[in-house]
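Heads up, the thing below is written out as structure tokens.
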Protein chains: 2
Amino acid sequence: MCSASSDLTAQARIRNAAIAHFARDGFQKTNLRAVAATAGVSAGLVIHHFGSKERLRSVCDDHVLRILVQRAGDARPSGMRDLFREYLSNPEEYRLQVQYMLRAIEEDTPAAATFVDTLVEESEEILRAGIADGTMRPSSDVRALAVLSVLHSVATLTMPPALARALGHERFGPDVLRRLALPTLELYTHGLFADDAALKAARAALDESPQDESPQEEE
Amino acid sequence: MCSASSDLTAQARIRNAAIAHFARDGFQKTNLRAVAATAGVSAGLVIHHFGSKERLRSVCDDHVLRILVQRAGDARPSGMRDLFREYLSNPEEYRLQVQYMLRAIEEDTPAAATFVDTLVEESEEILRAGIADGTMRPSSDVRALAVLSVLHSVATLTMPPALARALGHERFGPDVLRRLALPTLELYTHGLFADDAALKAARAALDESPQDESPQEEE
DNA sequence: TTGGATGCTAAACGCACGTTCAGTATCACG
DNA sequence: CGTGATACTGAACGTGCGTTTAGCATCCAA
């Protein structure tokens, strides 16, 4: 990790400070003077180097995105999708970038869009591979399932404090994750319902009003 | 529905306008002058009646919370947990209040905490009942499963635009919901994994580092 | 009738914050 | 040396916005 604050160009220090602030407080709530302060420079310099707060954000977006996708391409076994698992076992290393991206997803940044697209794409590939080799159950809509699993991952990592508190913890953290791991895996291997009454009912209901958008695949 | 804008007290009109703005744009981004405008009053009157923007929010919180919990207690078959199903079949009626609460959950309002607590509590009751009568599979941690299901519901309703776009839609809406309904139900009745290798591995891993927070229940 | 609440407005105040502006130091280069 | 260009600062500017204030009706009680 290259987090030594000096011996870096002021531009880089500002960028890093901005990433940290955006990740922690979000774009709106962070003010340039605070970013400048943690970067050890004046507020004017931020504008001097980046032109505007908005352009500073887009530079941060690109930077974080580049780190994360390069990390995913890093000859890792199964690409970016393992970011989640990786994050669980090694939260320190990329926590900042992941947190930044989660914020970006909330705020619907262009970078978040390409990040999410990559996640969904890789997730879908993994699902198709798993279904092909029999380790995963076939689905009526693999694309939607991929989106659903990414949604669940993102939701878990951005878990609202109120829900964390309902589990008895102050806020989201490794202990919450550990607590949810087993129920999540149980859900993903057994499901929850003992019979398929609800599923059949839903299929019937959807057949009645066939506002069809989803592709037809085998089940 | 009582949405006629006149023939209501100015206080009520301001409160309703604020609820609409907070639900649509969030607390930070809505400014009092806009609220005053849609309420048809001056900005000063908002302060005159509510003292501050923050106290206006808390009044809105209480109001929406009261509507939602009274709706849940309304001799409905299974209480607030059906808000989700209710919302799906009848999105117009309580869309505003639900959207308001989703925003409140994001912003971690006290009202959101009690709302979430109620959701989790009712969810847990339903799970226990379902497990008892055999319609649901037993879980190693019912509380965590309840939190997980609420998390999934909330996440679905607040689905980030980037994920909706990955499904081919502009943003979250009824069509996205329809698209996700089947995969969700498939996941909740069959699970995803064909075998329980991942689950066993996770159990083993958690046994190694028994940072025990979760209660022991039957499986 | 008077006098004080109450409902309400327009204007102003004050602060936070993004951005601009002079002005200084330093370094490159002719 | 001189002459830019570049890095940087402190102060100021402008604006958006929450809030305050002064004032005007209206209505009710004494």
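So that the names make sense, note that chain A is the first sequence line, chain B the second, and so on, each numbered from 1. This structure is a prediction, so every number in the text was calculated from the model and none was measured.
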B:R57 charged N/C atom sitting above B:F27 aromatic ring, 6.0 Å / 45°
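Yes, B:R57 and B:F27 form such a contact.
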Along nucleotides 4-20 of chain C, 5' to 3', which nucleotides get a B, which get an S, and which get a -, given that the test is a protein heavy-atom distance under 4.0 Å?
---BBB--B----BBBB
Stems where DNA chain C pairs, listed by first number, each of three or more Watson-Crick or G-U pairs under 3.5 Å:
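In DNA chain C, stems of three or more pairs: C:3-28 with D:3-28.
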State, to 0.1 Å, how close A:K53 and A:T30 come at their nearest heavy-atom pair, and which atoms those are.
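In this case the closest contact between A:K53 and A:T30 is NZ-O, 2.9 Å.
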Could you pull out the closest heavy-atom pair between B:E186 and A:S139, with the gap in Å?
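Reported closest heavy-atom pair: OE1-OG, 3.4 Å.
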I'd like to know if A:D108 and B:R165 make a salt bridge, using a cut-off of under 4.0 Å between side-chain N and carboxylate O.
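Counted as a salt bridge, because a side-chain N and a carboxylate O are separated by less than 4.0 Å.
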Determine whether the side chains of A:Y188 and A:H152 contain a donor N or O and an acceptor N or O closer than 3.5 Å.
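A:Y188 vs A:H152: donor-acceptor pair found between side chains.
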Beyond-backbone contact of A:I67 with A:Y94, side-chain heavy atoms, under 4.5 angstrom:
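Answer yes - side chains close enough.
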Within a radius of less than 6.0 Å around CZ of B:R171, do more than 12 heavy atoms belonging to other residues, nucleotides or ligands occur?
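Result for CZ/B:R171: open.
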